[in-house]
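Single-structure report; data block below.
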Amino acid sequence: IGAAKLVVVIAIFLLTFYVISQVFEIKMDANLGQIFARSALDAAAHSTKPPRYKCGISKACPEKHFAFKMASGAANVVGPKICVEDNVLMSGVKNNVGRGINVALVNGKTGEPLDTKFFDMWGGDVAPFIEFLKSIQDGTIVLMGTYDDGATKLNEEARKLIAELGSTSITNLGFRDNWVFCGGKGIKTKSPFEQHIKNNKDTNKYEGWPEVVEMEGCIPQKQD
């Protein structure tokens with residue numbers, strides 16, 4: 001009898017242990033399930049974060065287009081910024097901007113940067129700027145942004161050369177106006193990429209200067 005009791009006790013013990021272990025395993029499985037579900041939710045939350053496009057523009061460019069974003073200078077404090085295809089060509093951080101008109105040249109077929117320069121249109125001479133404009137090759141994308149003052153030394157010849165790149169605002173760009181422009185050498189039409197704010201003491205954001213002008217878009221790749 002004693003042996004039979006012992007067998008029953010052992011059987012009950014083993015059954016209890018089995019039941020308890022099953023319950024704990026189920027709980028463990030449930031916890032693992034919750035962990036996986038939570039990580040899946042986290043992943044979904046991260047995937048809904050808005051995608052970043054080249055140069056930080058608001059939407060992706062179609063095929064055979066180059067993304068660009070640019071801003072004029074802010075008063076005489078913060079320099080302009082020009083970005084093409086996620087490549088910052090000119091900025092205060094790069095230390096390659098200056099008072100006057102800042103210019104970046106880009107290959108119209110490949111999107112590769114060709115040159116960056118700035119021309120002081122307050123205290124400088126317009127002649128080097130005119131020579132530079134004349135030397136730009138056909139099929140080149142030309143991006144320009146003002147900083148401080150970009151108009152005082154501009155003469156009719158310089159304005160005409162910029163107008164030939166597709167600008168319409170260059171004819172009335174005045175002292176301390178803010179202006180950004182993207183055109184091209186050999187362009188047959190007026191460029192759709194241009195922003196201009198007049199220097200006006202009644203509307204200026206800064207004392208003596210209008211607010212920054214920004215612009216973004218997609219430049220069509222030059223076809224043969």
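Hydrophobic clustering (side-chain heavy atoms under 4.5 Å, transitive across Ile, Leu, Val, Met, Phe, Trp, Tyr) keeps Phe118 apart from Val103. Under a hydrophobic-cluster definition in which Ile, Leu, Val, Met, Phe, Trp and Tyr are linked whenever side-chain heavy atoms come within less than 4.5 Å, directly or via other members, Ile141 and Phe193 are assigned to the same cluster. Note on Val106 and Met70: same hydrophobic cluster, where clusters join Ile, Leu, Val, Met, Phe, Trp and Tyr whose side-chain heavy atoms are under 4.5 Å apart, directly or indirectly. Linking ILVMFWY residues whenever their side-chain heavy atoms come closer than 4.5 Å, directly or via other members, places Met215 and Val97 in the same cluster. Residues Ile219 and Leu89 are members of one and the same hydrophobic cluster, defined by side-chain heavy-atom contacts under 4.5 angstrom among Ile, Leu, Val, Met, Phe, Trp and Tyr.
Partners of Phe119 by ring pair (Phe, Tyr, Trp, His ring centres under 6.0 Å), not counting sequence neighbours, listed by chain and number: Phe129, Phe132.
For the pair Met121/Thr152, no side-chain contact is recorded, criterion being any heavy-atom separation below 4.5 Å from C-beta on. Looking at Val88 and Ile82, their side chains never come closer than 4.5 Å, going by heavy atoms from C-beta outward. Two residues are said to be in side-chain contact when any heavy atoms from C-beta on lie closer than 4.5 Å; Thr140 and Asn107 fail this criterion. Lys64 has its side chain within reach of Gln223: a pair of non-hydrogen atoms, C-beta onward, lies under 4.5 Å apart. Residues Lys185 and Leu165 form a side-chain contact, since some pair of their non-hydrogen atoms from C-beta on lies under 4.5 Å apart. For the pair Val142 and Leu105, the minimum side-chain heavy-atom distance is below 4.5 Å. Inter-residue side-chain proximity for Val84 and Leu143 is flagged as met; some heavy-atom pair is nearer than 4.5 Å. At least one side-chain heavy atom of Asn155 sits less than 4.5 Å from a side-chain heavy atom of Ile130.
In summary, Asp120 and Arg99 engage in a salt bridge, as defined by a charged side-chain N under 4.0 Å from a carboxylate O. At a threshold of 4.0 Å, the pair Lys160-Glu156 does not count as salt-bridged, since none of the basic side-chain nitrogens sits closer than that to a carboxylate oxygen.
In this structure a side-chain-to-backbone donor-acceptor pair under 3.5 Å is present from Glu216 to Ser58. Counting only distance, with no hydrogens or angles, the side chain of Asn199 and the backbone of Phe175 share a donor-acceptor pair below 3.5 Å. Of the possible donor and acceptor atoms, none in the side chain of Ser191 sits under 3.5 Å from a partner among the backbone N and O of Ser167. Gln221 places a side-chain N or O within 3.5 Å of a backbone atom of Lys109 that can act as its donor or acceptor partner. Side chain of Glu194 to main chain of Cys182: no donor-acceptor pair is present (N/O by atom type, distance under 3.5 Å, no hydrogens or angles). Using modelled atom types, no side-chain atom of Arg176 and backbone atom of Asp149 make a donor-acceptor pair closer than 3.5 Å. Between the Lys198 side chain and the Asn172 main chain, a donor and an acceptor come within less than 3.5 Å of each other. Remark: the backbone N or O of Trp179 is not paired with any side-chain donor or acceptor of Gln195 at under 3.5 angstrom. Of the possible donor and acceptor atoms, none in the side chain of Glu214 sits under 3.5 Å from a partner among the backbone N and O of Val212.
The CD1 atom of Ile187 sits 11.5 Å away from atom CG of Asp138, with the distance rounded to the nearest 0.5 Å. Atom CZ of Phe66 sits about 8.5 Å away from atom CD of Glu112, to the nearest 0.5 Å.
Of all heavy-atom pairs between Ala158 and Val126, the closest is CB-CG2, 3.9 Å. When all heavy atoms of Cys55 and Ala67 are compared, the pair lying nearest together is SG-O, 4.2 Å. Nearest heavy atoms, Asn102 versus Tyr147: ND2-CB, 3.7 Å.
Within the structure, every pair that satisfies the side chain to side chain donor-acceptor pair (under 3.5 Å) test and touches residues 86-97, not counting sequence neighbours, is listed here: Arg52-Asp86. Residue pairs meeting the side chain to side chain donor-acceptor pair (under 3.5 Å) criterion with at least one partner in residues 124-134, sequence neighbours excluded, are Lys134-Glu157.
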> Should His196 and Asp177 be marked as a side-chain hydrogen bond (donor to acceptor under 3.5 Å, both in side chains) after you check the CA-CA gap, both sets of side-chain angles, and the distance that decides it?
Replying inline: CA-CA 7 Å; His196 177 209; Asp177 288 1; 2.8 Å; yes
> Where do Ile162 and Leu173 land on the side-chain contact (heavy atoms from CB on, under 4.5 Å) test, with the steps shown first?
Replying inline: CA-CA 11 Å; Ile162 296 169; Leu173 186 73; over 6 Å; no
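Here the options are Pro80, Ser169, Ser72, the test is side-chain contact (heavy atoms from CB on, under 4.5 Å), and the partner is Val180; only Ser72 passes.
Remark: Lys54 NZ is loosely packed, at most 12 non-hydrogen atoms of other residues, nucleotides or ligands lying under 6.0 Å away.
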